[in-house]
S.K.: 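Here it is, the structure, as structure tokens.
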Amino acid sequence: MDGGSVSETITVRHGDDTADVAPGTSAIDALKALDAVRGQIVAATVDGEEWDLERPVVEGAEVAPVYADTEQGRAILRHSVAHLMAQAVTDLFPGAKWAIGPPIADGFYYDFDVERPFTADDLEAIEARMVELQRERQRFVRQEVSRDEALELFADQPYKREIIERVEDSEVEASGDGARFTVYRNVTDDGEAWVDLCKGPHIPSSDRVPAFKLLRTAGAYWRGREDQPMLQRIYGTAWESRKRLKEHLEFLEEARKRDHRRLGRELELTHTPDELGPGLSIFLPNGAVVRKEMEDWIRDETLARGYQPVYTPHIAKEELWRISGHLENYAELMYPGMELDDGAAYRLKPMNCPFHILAFGARTRSYRELPMRIAELGTVYRYERSGVVNGMLRARGFTQDDSHIFCRPDQVVDEVAGCVEFARDVYRAFGLGEPSRVAVSTRPEKSFGTDAQWAEAEDAVIAAVERTGLAYETDPGEGAFYGPKVDVHARDAIGREWQLSTVQVDFNLPERFEMSYVGADGAKHRPVMVHRALFGSIERFFSVMVESFNGAFPTWLAPEQARVVPVAADFDDYARHVAAALRSRGVRVDVDASDDTLGAKIRSAQTSKVPYTLVVGASEQQARTVAVRPYRGEQRKDVPLDDVVGEIDAEITTARAGA
RNA sequence: GCCGAGGUAGCUCAGCUGGCAGAGCAGCCGCCUUGUAAGCGGCAGGUCACGGGUUCGAAUCCCGUCCUCGGCUCCA
């Protein structure tokens, strides 16, 4: 069926090499003929399409190996392990219904509909059964079937049937007798053990799985929709070697240690007592120092870039939220109203925009004032669903470095570009490096505004992102109903992505608030509005930094920038002299005058992740020097005090000045 | 909101099938003090998340509530 050539041989290629092989030759044999196998391979590509190793190649095909130690290879490996897991679950839980089991970043999952949720013991049993299946050397055998055959094969698998029924004819390769689906049969020496609907490809046999581990269970809605049944999901991971699996598990353990909630407690940055309520946190003095540096930086930089600061209240009459449309579209995320004696109801603000619009509307605005950039560190409160709150990364009360720019339509490009460049600068200044993802979201199905407005705004957003040189991707149809946007994401310790910066064009609110400015022609015009937050949420950005730096902030942000450690009480006075010299330059410094041993003091400074530990004893006092022990890096002895002070001061000043 | 796992001293965690609530670290008080990750001793610290129930007896078993964590969904 693959080729149908009648000639004696077919030709396959791998780069510049070619080989003539018999028709029906498998991909693996073709690769061997081409001398193109160098390591552990799990599959092939044939003309770019992923291909099972045992599947026959076609005339003239470009054939290439897929190695196990590549992301593509691991995905195939993981997908096959997911099948193995589903088979084990079926063996141990007869009657289990299977949904889907794809590879994901660092692993795989499979969703099942079972009588009762899986327990930790179940996981162990499933894993043990998988090891048995692995040893059975089951071959994964690909087979093409028609839609009807597929439906019959999975007669007692409602989710598989739903998947089959949802596939359009055009999506599967059509042949004479109708649409083609593929299934994979797991075959042992004793016969068939299992069969699953799957596009493939798969590894040739179950013993080719070098290392895997089941990690956890979770509930997951079928097709991700709340109105669908809740299935039981099992997450696992699989790697090309035991060593890589071990490394991955160690990484997960390390990641657990750099969780911002754990570090926040250990380093006394933040406090989240139950008494406060879900999603609410306190910045302790250490954390507040970091936050103040963030706020000072963004305030200064915002002023320098032509923004005007404002201050607005935390609550407003419900009427305001009716005008803005929040009560209509956002009510379930707002705290309930406060009924007051005067009959008016008030609401805690979930966003700052209405206030900034009112600031704009304080008097008649001229086109000469545009663009008008209004900025505020605005604290907002959102009643997030209980299951989604996550430390300070997803909170119910948080502060945005929020700004709204009101401008003429022809100014949108420059304004959006300015915001995206600003966002890039924020990332650089705070040491997060390149964002994990920059996404431009375009017009959704249901949207407000004219075609011309959208086209112009989308072009503006894309042009703006390209001007910054950041790599970005486009999410078609993912924009807000009121305008296109660009979001910048970063990862937390375990690789989850969080949106930090956001820049959004809005045609809707200016209409709802009937905003206007007087143009050069003396007539009223509607301004365009750009929403923009660069940290996004200060709490979230802060937390991503904590995890990114593993609590060891760069010197300019560190709560305690230097600690002076006298080797014995006799040198406490000189230590205080050293501290005073630093403090006079604005350095945050403490002296460890405890009666601990030197080793204990050093350890204490290290576990507190203080950037500079300055050790002083007799020789230092004599020579007016210090021994410098940076948190990271080599220690240096006998450094003149003035040099150290100048060095630390310069480092902080340079970093604070930004990228 | 939904599925699952949890909540014992400030922190990390023991405490089995019900029988007097523990350790290490941190804290406090002493003693000891010169060179780069833990000196020694003592003291104090708990409504075992909260409320009900079963029991002669509950940290332990059952029910409910609150909170936390991992997911799903949703979002900065």
Side-chain angles (χ1 to χ4, degrees), chain A residues 109 111 114 116-120 122-123 215-235 256-257 259 261-262 265-266 268 271-279 330 332-333 350-352 378 380 382-402 480 487-490 494 496-502 504 531-541 543-544 565-571 594-608 613-621 627-629 635 637:
Chain A
Y109 68 79
D111 288 345
V114 281
R116 59 164 178 83
F118 297 112
T119 64
D122 293 339
L123 276 198
L215 297 175
R216 70 178 75 88
T217 60
Y221 297 109
W222 167 234
R223 291 174 50 213
R225 286 171 41 170
E226 285 183 272
D227 58 353
Q228 298 288 323
M230 170 86 42
L231 306 174
Q232 295 303 317
R233 175 172 296 180
I234 302 176
Y235 283 96
R256 208 171 62 81
K257 288 183 189 156
D259 186 298
R261 291 164 295 208
R262 181 189 175 115
R265 218 176 11 246
E266 287 175 357
E268 295 183 33
H271 187 42
T272 54
D274 289 350
E275 294 92 318
L276 227 43
Y330 208 76
E332 72 282 3
L333 277 165
M351 292 187 188
N352 301 301
V380 296
R382 301 183 185 174
Y383 189 74
E384 297 284 353
R385 298 168 84 180
S386 62
V388 306
V389 172
N390 181 293
M392 306 222 300
L393 287 168
R394 185 77 179 269
R396 282 184 172 167
F398 59 95
T399 302
Q400 298 177 306
D401 60 316
D402 207 359
D487 296 323
V488 184
H489 302 254
I494 58 173
R496 290 180 298 203
E497 266 193 352
W498 296 92
Q499 181 184 320
L500 299 177
S501 315
T502 182
Q504 311 179 350
H531 305 247
R532 158 250 93 143
L534 304 178
F535 289 135
S537 139
I538 291 182
E539 287 80 354
R540 179 178 285 181
F541 197 98
S543 303
V544 168
V565 173
V567 299
D570 287 349
F571 310 104
S594 70
D595 56 4
D596 282 337
T597 57
L598 177 64
K601 289 179 185 178
I602 295 290
R603 180 171 191 277
S604 162
Q606 288 292 116
T607 55
S608 302
T613 302
L614 307 177
V615 181
V616 295
S619 62
E620 286 83 3
Q621 179 171 28
V628 182
R629 183 188 169 120
Q635 65 166 291
K637 292 189 169 165

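Numbered from 1 within each chain, the chains take letters A, B, ... in sequence-line order.
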S.K.: Determine which nucleotide pairs with rC72(B), using a 3.5 Å limit on both distances of a Watson-Crick or G-U wobble pair.
M.R.: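 Across all strands, the one nucleotide that pairs with rC72(B) is rG1(B).
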S.K.: Taking the same atom, C1', in rC48(B) and in rG15(B), what whole-Å distance lies between them?
M.R.: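 Going atom to atom, C1' in each nucleotide, I get 11 Å.
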S.K.: Give the rounded distance in Å between these two atoms: CD of Gln232(A) and C1' of rA5(B).
M.R.: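 Interatomic distance, CD of Gln232(A) to C1' of rA5(B): 12 Å.
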S.K.: How do Phe118(A) and Ala569(A) order along RNA chain B: which one's closest nucleotide is nearer the 5' end?
M.R.: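 That would be Phe118(A).
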S.K.: Distance check, P atoms only: rC13(B) and rG7(B), in whole angstrom units.
M.R.: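 11 Å, rounded to whole Å.
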S.K.: Hey, does Gln621(A) have a side-chain heavy atom less than 4.5 Å from the side chain of Asp570(A)?
M.R.: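 No. Closest side-chain heavy atoms not under 4.5 Å.
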S.K.: For Gln635(A), check side-chain hydrogen bond (donor to acceptor under 3.5 Å, both in side chains) against everything at least two apart and list the hits.
M.R.: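 Expected list: none.
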S.K.: Taking only residues two or more places apart in sequence or in another chain, which ones pass side-chain contact (heavy atoms from CB on, under 4.5 Å) with Ile538(A)?
M.R.: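 Testing Ile538(A) for side-chain contact (heavy atoms from CB on, under 4.5 Å), a comparison that skips the adjacent residues, returns Arg291(A), Met294(A), Glu295(A), Leu377(A), Thr399(A), Phe535(A).
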S.K.: Checking Lys601(A) side chain against Val567(A) main chain: does a donor-acceptor pair fall under 3.5 Å?
M.R.: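 Judged by distance alone, no pair lies under 3.5 Å.
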S.K.: Considering all heavy atoms of both residues, which atom of Ala395(A) and which atom of Gly279(A) are nearest to each other, and what is their separation?
M.R.: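 Nearest pair, atom of Ala395(A) first, then Gly279(A): CB-O, 3.2 Å.
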S.K.: List in chain and number order the residues that pass side-chain contact (heavy atoms from CB on, under 4.5 Å) with Ser386(A), two or more places apart in sequence or in another chain; answer none if no residue qualifies.
M.R.: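 For Ser386(A), the residues satisfying side-chain contact (heavy atoms from CB on, under 4.5 Å) (neighbours in sequence not counted) are Arg396(A).
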S.K.: When the C1' atoms of rU73(B) and rU17(B) are considered, how many whole Å apart are they?
M.R.: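 Going atom to atom, C1' in each nucleotide, I get 41 Å.
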S.K.: Please figure out whether Gly617(A) or Arg262(A) has its closest RNA chain B nucleotide nearer the 5' end.
M.R.: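 This one resolves to Arg262(A).
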S.K.: For rG22(B), give its Watson-Crick or G-U wobble partner with both distances under 3.5 Å, or none.
M.R.: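 Answer to the pairing question: rC13(B), which forms a Watson-Crick or G-U pair with rG22(B).
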S.K.: List the residues meeting side-chain hydrogen bond (donor to acceptor under 3.5 Å, both in side chains) with Arg603(A), not counting sequence neighbours, and say none if there are none.
M.R.: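 Here no residue qualifies.
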S.K.: Mind checking the P distance from rA44(B) to rG53(B)? Whole angstroms is fine.
M.R.: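 Result for the P pair: 35 Å, nearest Å.
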S.K.: Applying side-chain hydrogen bond (donor to acceptor under 3.5 Å, both in side chains), name anything that partners Arg385(A), two or more places apart in sequence or on another chain.
M.R.: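 Residues passing side-chain hydrogen bond (donor to acceptor under 3.5 Å, both in side chains) with Arg385(A): Glu226(A).
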S.K.: Expressed as a whole number of Å, how far does the P atom of rG22(B) sit from that of rA59(B)?
M.R.: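 Those two atoms are separated by 13 Å.
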S.K.: Base, sugar-phosphate alone, or nothing: which one does Ala627(A) contact when heavy atoms must sit under 4.0 Å apart?
M.R.: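 Contact class for Ala627(A): base.
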S.K.: How does protein contact run along nucleotides 64-76 of chain B, one letter per nucleotide 5' to 3', with B for base contact, S for sugar-phosphate only, - for none, heavy atoms under 4.0 Å?
M.R.: ---SSSBBBBBBB
S.K.: Roughly how far apart, to the nearest Å, are rU55(B) and rU65(B) at atom C1'?
M.R.: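 These two C1' atoms come out 23 Å apart once rounded.
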S.K.: Could you please name the partner base of rG6(B), counting Watson-Crick and G-U wobble pairs only when both distances are under 3.5 Å?
M.R.: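 Across all strands, the one nucleotide that pairs with rG6(B) is rC67(B).
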S.K.: Rounded to whole angstrom units, what separation is found between the CZ atom of Arg629(A) and the P atom of rG35(B)?
M.R.: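 In whole Å, rG35(B) P and Arg629(A) CZ are 15 Å from each other.
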S.K.: Could you tell me whether Ser604(A) contacts a base, only the sugar-phosphate backbone, or nothing, with contacts defined as non-hydrogen atoms closer than 4.0 Å?
M.R.: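 Since no nucleic acid heavy atom lies under 4.0 Å of Ser604(A), the category is nothing.
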S.K.: For RNA chain B, what residues of residues 594-603 of chain A have any heavy atom nearer than 4.0 Å?
M.R.: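 Asp595(A), Thr597(A), Leu598(A), Gly599(A), Ala600(A), Ile602(A), Arg603(A) - these, ordered by number, are the residues of the stretch whose heavy atoms sit under 4.0 Å from the strand.
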S.K.: Answer with base, sugar-phosphate or nothing: what part of the nucleic acid does Glu620(A) contact at a heavy-atom distance below 4.0 Å?
M.R.: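 Contact class for Glu620(A): base.
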S.K.: Looking at side-chain heavy atoms only, is the closest gap between Val615(A) and Glu620(A) below 4.5 Å?
M.R.: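 Sidechains of Glu620(A) and Val615(A): no contact.
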S.K.: For rG57(B), give the paired nucleotide (Watson-Crick: N1-N3 plus N6-O4 or O6-N4; G-U: N1-O2 and O6-N3; both under 3.5 Å), or none.
M.R.: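 Paired with rG57(B), as far as the under-3.5 Å criterion goes, is no nucleotide at all.
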S.K.: Who are the side-chain contact (heavy atoms from CB on, under 4.5 Å) partners of Ala618(A), not counting sequence neighbours?
M.R.: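 Residues passing side-chain contact (heavy atoms from CB on, under 4.5 Å) with Ala618(A): Phe571(A).
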S.K.: Thr613(A) near the nucleic acid: base, sugar-phosphate alone, or nothing, with a heavy-atom cut-off under 4.0 Å?
M.R.: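 No contact at all - Thr613(A) keeps every heavy atom at 4.0 Å or more from the nucleic acid.
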S.K.: Using side-chain hydrogen bond (donor to acceptor under 3.5 Å, both in side chains) as the criterion, list what pairs up with Asp227(A), not counting sequence neighbours.
M.R.: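 Result, side-chain hydrogen bond (donor to acceptor under 3.5 Å, both in side chains) vs Asp227(A): Arg225(A).
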S.K.: What integer number of Å spans the C1' atoms of rA26(B) and rG45(B)?
M.R.: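 Here rA26(B) and rG45(B) have their C1' atoms 11 Å from each other.
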S.K.: Can you tell me the Watson-Crick or wobble partner of rG27(B), both distances under 3.5 angstrom?
M.R.: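 Base partner found: rC43(B).
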S.K.: Taking only residues two or more places apart in sequence or in another chain, which ones pass salt bridge (charged side-chain N to carboxylate O under 4.0 Å, His left out) with Arg394(A)?
M.R.: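 Arg394(A): salt bridge (charged side-chain N to carboxylate O under 4.0 Å, His left out) contacts with Glu384(A).
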S.K.: Using the P atom as the reference point in each nucleotide, state the distance between rU36(B) and rC32(B) in Å, no decimals.
M.R.: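 After rounding to an integer number of Å, I get 23 Å for this pair.
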S.K.: Take the protein atom CD of Glu266(A) and the nucleotide atom P of rC13(B), then report the distance between them rounded to whole Å.
M.R.: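 Nearest whole value for this atom pair: 10 Å.
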S.K.: Output all residues satisfying salt bridge (charged side-chain N to carboxylate O under 4.0 Å, His left out) with Arg265(A), sequence neighbours left out; order by chain, then residue number.
M.R.: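 Expected list: none.
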S.K.: Polar-atom pairs under 3.5 Å, protein N or O versus N or O of nucleotides 41-44 of chain B: list them with distances, or write none.
M.R.:
none

S.K.: Can you find a donor-acceptor pair, distance only, under 3.5 Å between Gln635(A) side chain and rG35(B) base?
M.R.: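 No, the side chain and the base share no sub-3.5 Å donor-acceptor pair.
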S.K.: Rounded to whole Å, please give me the gap between CD1 in Ile234(A) and P in rG4(B).
M.R.: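 Nearest whole value for this atom pair: 14 Å.
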